[in-house]
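Down below is the structure, laid out as structure tokens.
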Amino acid sequence: MSATEIDYYELLEVERGADDKVIKSSYRRLAMRYHPDKNPGCDDSEARFKQISEAYDCLKDPQKRAAYDRYGHAAFQQGMGGGGGGGQGAEFGDIGDIFESIFGSAFGGGGRQQARRGADLRYDMEVSLDEAFRGKSTEITIEVSQGCEPCHGTGAEPGTSKRNCNMCAGHGKVRAQQGFFVVERTCPTCHGRGEVIEKPCRSCGGEGRVDKAQTLQVDIPPGVDSGTRIRLSGKGEAGPFGAPPGDLYIFLHVKPNRVFEREGTTLLTRVPITFTTAALGGSIEIPGIDGDPITVDIPVGIQSGKQLRKRGAGMPVLQGRGRGDLVVEISVETPTKLSARQKELLRELQATETGDECPGSKGFFDRLKDAWNDLKE
């Protein structure tokens with residue numbers, strides 16, 4: 001009894017409303033049970049294996065399944081297409097050949113479809129600001145479809161081979177006549193490949209690929225920023241039936257830093273200074289992103305919020321030369337606890353202030369600075 005005489009859903013032991021995951025799981029279970037290698041010399045098992053393979057080939061394809069649900073096995077009988085038989089099918093082929101000679105492959109045979117490459121994949125990775133500054137090499141482990149080793153991605157059981165599709169005679173397309181015109185569509189049996197697998201590989205179930213964990217090295221160059229994308233060519237999902245794999249894209253996200261804020265290659269940091277340093281000026285040292293100290297000159301009378309720029313002390317230019325700038329924003333600290341001497345000096349300053357000038361301010365500020373240092377100690 002052939003599969004065309006038995007309901008495909010009954011063959012796979014699933015309900016008509018079963019989803020793709022249930023159908024695939026049931027097919028793999030039955031394929032393992034009736035596979036010829038597990039039942040050597042048993043013609044019934046081999047026949048059953050071919051039946052369930054034919055049923056799964058139909059139900060795993062949404063378009064073919066929809067046609068089967070509506071028309072049953074009649075959807076795939078001679079006359080609905082096929083280029084290998086005689087009679088009406090041959091007549092369709094002759095008319096199609098005429099259209100092909102006039103209009104080209106849009107109305108003619110067109111040939112088999114090329115196997116599509118595997119899907120591209122995305123991996124999100126977080127790095128610190130220091131790692132973004134220096135760059136680093138790291139390893140990641142991902143679960144991804146890879147070519148099946150036993151069948152070398154063909155999907156056929158080792159020692160066996162594919163055969164030409166009977167429905168389309170290996171062309172990958174079938175034709176149906178509608179009045180004077182010939183309509184051509186992708187073969188629903190082989191999905192345009194022109195070949196079918198009689199004995200699917202036991203390792204991959206005929207898919208030509210299996211999910212495996214693979215460890216990859218990722219080299220992160222100095223200067224990357226959030227949104228930087230690194231492409232690993234050929235490390236994406238394996239293509240079906242030996243088709244080329246897709247690519248893997250690493251999307252980087254730079255974590256916030258408690259000292260520096262970043263805008264492109266420019267770094268911003270906020271530095272507190274004392275009241276006397278703001279008034280008298282001077283210089284301070286702060287740590288740079290590379291760990292080396294940076295000297296910042298403070299002009300006399302600087303105010304809170306004033307920004308000072310240090311050229312070439314920022315982030316490196318990605319895949320370029322040089323570095324951006326470091327912007328130092330000054331924050332003048334107002335004292336909350338004063339000694340009696342400091343209060344006396346501040347009152348003296350308050351009494352002698354006339355506009356922007358303070359008579360005798362140099363000696364006064366020296367005394368004020370000494371008092372301030374005493375407070376700090």
Side-chain angles (χ1 to χ4, degrees), residues 127-135 222-228 253-318 320-377:
V127 296
S128 66
L129 185 64
D130 182 69
E131 291 170 335
F133 173 80
R134 302 179 188 278
V224 297
D225 201 351
S226 291
T228 299
H253 306 274
V254 180
K255 293 183 287 188
N257 186 276
R258 65 184 184 87
V259 176
F260 298 101
E261 296 179 12
R262 179 180 182 180
E263 295 180 3
T265 59
T266 300
L267 292 177
L268 171 67
T269 187
R270 293 175 176 83
V271 177
I273 62 173
T274 63
F275 174 79
T276 53
T277 302
L280 301 177
S283 63
I284 59 174
E285 277 193 353
I286 60 173
I289 183 66
D290 56 3
D292 295 333
I294 297 175
T295 301
V296 180
D297 295 325
I298 307 297
V300 174
I302 195 169
Q303 302 296 310
S304 283
K306 177 69 175 179
Q307 292 185 340
L308 306 175
R309 185 176 294 268
K310 298 295 292 185
R311 301 288 182 184
M315 294 294 290
V317 178
L318 180 62
R321 296 181 178 179
R323 291 169 57 181
D325 298 337
L326 172 63
V327 175
V328 180
E329 185 174 301
I330 298 300
S331 175
V332 180
E333 291 186 328
T334 302
T336 57
K337 294 182 180 180
L338 296 173
S339 66
R341 179 58 177 159
Q342 288 171 331
K343 290 180 181 179
E344 178 185 351
L345 290 171
L346 287 176
R347 291 192 186 100
E348 183 181 342
L349 172 64
Q350 186 179 34
T352 57
E353 285 179 343
T354 54
D356 294 331
E357 298 294 333
C358 297
S361 61
K362 185 177 187 302
F364 166 77
F365 274 120
D366 288 341
R367 296 195 305 275
L368 177 61
K369 187 172 182 180
D370 291 340
W372 212 271
N373 290 333
D374 292 340
L375 176 63
K376 290 171 62 180
E377 295 176 356

Minimum-distance pair of heavy atoms, taken over all atoms of [X] and [Y]:
X      : Y      : value
Arg321 : Val317 : O-CG2, 3.4 Å
Glu333 : Pro272 : OE2-CB, 3.5 Å
Gly314 : Phe133 : O-CE1, 3.8 Å
Ile294 : Ala313 : CD1-CB, 3.9 Å

Test of understanding: with side chain to side chain contact (heavy atoms under 4.5 Å, CB included), list the residues that count as partners of [X], not counting sequence neighbours.
X      : value
Ser226 : Val254
Val332 : Ile273, Ala278, Ser304, Ile330
Pro299 : Ile302, Leu308

By the salt bridge (Lys or Arg N to Asp or Glu O under 4.0 Å) test, which pairs, at least two apart or in different chains, include something from [range]?
range            : value
residues 288-305 : Asp290-Arg323
residues 262-280 : Asp225-Arg262, Glu261-Arg270, Arg270-Glu329
residues 298-317 : Arg309-Asp325, Arg311-Asp325

Closer than 4.0 angstrom, basic N to acidic O: yes or no for Arg347 and Glu344?
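Glu344 and Arg347: not salt-bridged.
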
Report yes if some heavy atom in the side chain of Leu345 is under 4.5 Å from a heavy atom in the side chain of Glu348; otherwise report no.
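Yes, their side chains come closer than 4.5 Å.
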
Quick check on Gln303: does its CD atom have over 12 non-hydrogen neighbours (other residues, nucleotides or ligands) under 6.0 Å away?
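Count not over threshold, so no.
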
Qualifying residue, where the test is side-chain contact (heavy atoms from CB on, under 4.5 Å) with Ile298 and the options are Val328, Ile284, Leu280
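Going through the options one by one, the only one that passes is Ile284.
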
